[in-house]
Amino acid sequence: MREKELRIALVCYGGVSLAVYMHGVTKELWHFARASHDFRSGEPSGNPVQRAYRDLLTAIADQGETRLRVIPDILTGASAGGLNAIFLAEGLLTGRSLDPLTRLWLERADSDVLVAPEARPGNRFSKLWAQPIVEYALRRPGNAVSRTVAVETREEVRAKLSRLIRSRWFAPPFSGIGMARMIDDALVAMAEQEDGPPLVPPGHPVDLFVTATDFRGSRVPLRLHSPALATETEHRLPISFRAHGGDTTLAPRPELVFAARATSSFPGAFPPLTVAEIESLASERRLDWNSRDAFLSRIMPHHAHAHDLDQVALIDGAVLVGAPFAEAIAALSGRPATREVDRRFIYIDPRPDLRITGAGNDRQEQKEVGFFSSIFGALSAIPREQPIRDDLERIDAHSREAARLRAIVEGLRPEVEATVDRLLGRTLFLDRPTPERLTKWRRRAQQAAAEQAGFAFHSYARSKFTGIVEHLAGLIHRAIPGDRPVRESVIGALTGHFEREGLGSLSGGKLGASGDAIDFFRAHDLGFRIRRLRLLARRLSPNDIGGTLPPPKREIARKAVYDALSIYTRLDGIEVLGDEFPDLAGKVLSQPDGAIAHIAETRDLAATDPVVDALLAEGLAQLPREQRRAMLLAYLGFPFYDIATLPLLGARGFDEFEPIKIDRISPEDASAIRPGGASTCLRGIEFYNFGAFFSRAYRENDYLWGRLHGADRMIDIVASTLEPEQTLPETTLTAIRREAFLAILDEEEKAGLCRTSLVTALRAEVEEKLPA
């Protein structure tokens with residue numbers, strides 16, 4: 001069958017207590033990834049929810065002859081959305097479920113639990129003098145509780161608000177170390193579960209970014225014309241992690257707690273996070289944090305350089321970045337693609353209709369900004385309400401450029417194929433490739449492309465050289481242990497080394513590249529090889545040559561191309577360079593030849609190329625003569641395409657440079673059970689989105705709706721990977737939705753964390769809306 005990957009870049013908004021809803025959504029992404037693993041491996045799915053999702057993957061395979069794998073591999077989040085992203089990333093790597101985080105949200109995300117022990121009012125007479133003020137604030141006509149909280153829970157909310165207001169004043173009421181302990185408890189409970197299969201392919205990168213806000217900020221340099229160097233204060237602090245399929249954890253526990261505590265440190269409610277707090281937790285729980293210095297230097301290099309880490313105070317990431325799309329977009333760079341990829345950006349927005357001016361139409365109400373609305377609105381709603389249009393337009397520009405480059409290649413095809421045909425068309429056995437013949441034909445075509453390009457070849461060669469040097473510098477820079485020099489200095493050291501080796505000029509006169517340049521490209525130009533194979537993969541798509549082939553023949557050829565591609569992409573990273581590489585990388589400024597020679601020897605592209613040629617020769621030999629010849633013309637003609645497109649493509653030849661689709665998961669988009677958006681189903685939206693922190697009933701409600709909405713939207717998103725002419729019948733999707741919804745509710749009833757009456761009511765609603 002056709003192999004395809006649905007890769008998901010997930011963006012979790014900051015949403016205060018609506019993070020409980022987002023947790024329900026992320027749980028369904030985990031279930032989909034597990035169902036996808038079981039479907040691909042042929043292992044039975046014991047979980048009924050996963051069986052429902054597996055039924056969808058089976059239906060897609062039957063309808064479109066496509067074996068789909070669902071891989072969430074880029075995760076970003078702000079505030080409590082960041083906390084959800086951290087646990088999802090750990091669950092994807094380890095295969096362990098997110099149930100411990102469910103318990104944390106339902107049982108402990110309550111104002112009475114979060115208040116620091118030393119800040120709690122000792123009894124109902126504490127701050128007795130303040131009681132009339134509190135009562136007036138909570139019960140006066142038109143007060144925030146009466147306007148934003150449902151009648152049946154107003155007394156519960158008022159009681160908890162009263163205790164919160166009468167806790168310590170002029171200091172955050174919630175406990176920072178208490179929150180850190182809660183997060184660590186959930187991580188420990190997660191680690192104590194039985195190991196599951198990793199839900200990302202072996203070696204595939206998983207990137208996590210959560211945002212924090214550096215309250216005091218750090219001084220960062222600005223390069224200007226005049227003055228030559230200036231500084232400004234930077235308060236944004238993204239905290240990043242990268243792991244790979246097969247790793248046993250995303251990072252040491254203290255670092256995960258640090259990131260979760262920092263991103264969700266709601267200002268005024270929690271004290272800012274300090275390094276000392278996590279050190280205290282590590283000491284209290286006897287945790288080894290041997291990577292402390294390396295971690296802090298990596299995420300806060302300016303503070304580490306200034307030796308003021310003990311002064312750092314971090315607050316909620318949503319203060320400045322409530323929807324961290326930029327980090328997810330940046331993570332696309334350098335991402336390997338060894339199968340056909342359908343890349344999606346999915347963002348979870350629990351309440352897209354939110355407006356801090358209120359939902360009513362009364363003009364007088366719209367003008368009033370009271371005590372609670374100004375505090376809670378400014379801290380929770382404004383950052384999340386900042387437009388994401390700029391980020392979405394960047395993604396759209398990426399997709400348009402990918403389409404434009406494809407159009408350029410298609411426009412060049414007739415001329416390139418005619419040129420290669422004139423060059424090799426009369427060659428004996430052209431339609432019967434062997435590894436030796438492919439090697440000889442490739443070199444002849446590359447030489448001809450260089451000669452025929454004329455002056456354009458020199459700019460092309462310089463673009464290739466610059467891109468390769470920058471890529472090598474990036475590898476070396478990432479591998480340098482301890483304090484790293486700026487990346488530009490590594491680029492400068494490599495450039496100087498290669499110029500001393502005779503690469504100051506790449507020209508070899510009318511014959512194209514010089515001998516030294518040819519040797520350099522053969523040893524280091526991994527990007528050229530990857531781009532060439534991606535062209536072949538696109539030619540085998542159903543909209544191109546692949547559409548004229550019988551599916552079994554097409555898939556044999558596709559497998560050969562993607563297997564060859566995986567050989568090269570596995571060489572593109574620091575992991576393959578071995579344990580001795582960091583030491584060589586650390587000496588790059590004084591001895592650049594050591595790191596460069598090690599990369600060339602480890603990759604050994606000269607020995608790898610014949611292996612790839614052998615794979616391709618075998619795979620293409622299975623095709624009918626006409627299609628085999630067309631594939632050979634594309635493969636041998638690639639140097640002509642590359643000379644025309646590389647100046648436009650740049651270093652992105654290493655990326656999964658494909659059009660990107662954007663999907664949203666929100667109550668407004670999931671209407672299979674109850675239409676109407678957040679106002680009809682979520683309770684945490686009350687009291688300025690803080691409602692669920694004051695009522696467990698609200699948390700249970702929003703968590704269940706998060707799971708149901710996550711299932712609803714993920715079924716739509718996964719089904720949309722089929723080609724338009726292969727769409728699944730709506731009756732099939734409805735049956736799968738019903739199966740998934742009822743399996744979710746059965747699972748929650750068995751777990752016993754949510755009220756039976758709530759589960760029963762939702763089950764009845766599902767059965768009424770989606771009859772069997």
Would Thr249 and Glu90 count as a side-chain hydrogen bond (donor to acceptor under 3.5 Å, both in side chains) if you check the C-alpha gap in whole Å, the side-chain angles of each, and the deciding distance to 0.1 Å?
-> CA-CA 6 Å; Thr249 185; Glu90 187 76 354; 2.8 Å; yes
Residue set satisfying ring pair (Phe, Tyr, Trp, His ring centres under 6.0 Å) with Tyr568, at least two apart, ordered chain then number -> none
Do the rings of Phe295 and Phe241 sit parallel, tilted or perpendicular, given the 30° and 60° boundaries?
-> parallel
Listed by chain and number, what are the side chain to side chain contact (heavy atoms under 4.5 Å, CB included) partners of Ser757, not counting sequence neighbours?
-> Arg755
Compare every heavy atom of Leu620 with every heavy atom of Arg628, then report the nearest pair and how far apart it is.
-> CD-O, 3.0 Å
Could you list the residues that satisfy salt bridge (charged side-chain N to carboxylate O under 4.0 Å, His left out) with Asp195, not counting sequence neighbours?
-> Arg96
Using ring pair (Phe, Tyr, Trp, His ring centres under 6.0 Å) as the criterion, list what pairs up with Tyr703, not counting sequence neighbours.
-> His23
Sequence neighbours excluded, the answer for salt bridge (charged side-chain N to carboxylate O under 4.0 Å, His left out) partners of Arg51 is none
With sequence neighbours left out, write down each residue that passes side chain to side chain donor-acceptor pair (under 3.5 Å) with Asp62, or none if nothing qualifies.
-> none
For Trp289, check side chain to side chain donor-acceptor pair (under 3.5 Å) against everything at least two apart and list the hits.
-> Glu255
Under a 4.0 Å N-O cut-off, is there an ion pair linking Arg699 with Glu107?
-> no
Does the pair Asp342/Lys661 count as a salt bridge with the N-to-O cut at 4.0 Å?
-> yes
Pairing of Arg285 and Asp185 as salt bridge, 4.0 angstrom limit | yes
Side chain to side chain donor-acceptor pair (under 3.5 Å) filter on Arg478, not counting sequence neighbours, yields none
List in chain and number order the residues that pass side chain to side chain donor-acceptor pair (under 3.5 Å) with Gln622, two or more places apart in sequence or in another chain; answer none if no residue qualifies.
-> none
State, with a plain yes or no, whether a side-chain heavy atom of Glu28 is found less than 4.5 Å away from one of Arg713.
-> no
Are the side chain of Arg242 and the backbone N or O of Pro205 linked by a donor-acceptor pair below 3.5 Å?
-> no
Can a salt bridge be assigned to the pair Arg696 and Glu700 using a cut-off of 4.0 Å between side-chain N and carboxylate O?
-> yes
Sequence neighbours excluded, the answer for salt bridge (charged side-chain N to carboxylate O under 4.0 Å, His left out) partners of Glu327 is none
Start with the C-alpha gap between Ser45 and Asp38, add the side-chain angles, then the distance that decides, and say whether side-chain hydrogen bond (donor to acceptor under 3.5 Å, both in side chains) holds.
-> CA-CA 6 Å; Ser45 296; Asp38 294 345; 3.2 Å; yes
Would you mind listing every ring pair (Phe, Tyr, Trp, His ring centres under 6.0 Å) that reaches into residues 726-747, with sequence neighbours excluded?
-> none
Value for CG (Leu18) from OH (Tyr13), rounded to nearest 0.5 Å, stands at 13.0 Å
Go through the structure and list residues passing salt bridge (charged side-chain N to carboxylate O under 4.0 Å, His left out) with Glu765, not counting sequence neighbours.
-> Arg674
Leu106 and Cys754: which non-hydrogen atoms are nearest, and at how many Å?
-> CD1-SG, 4.2 Å
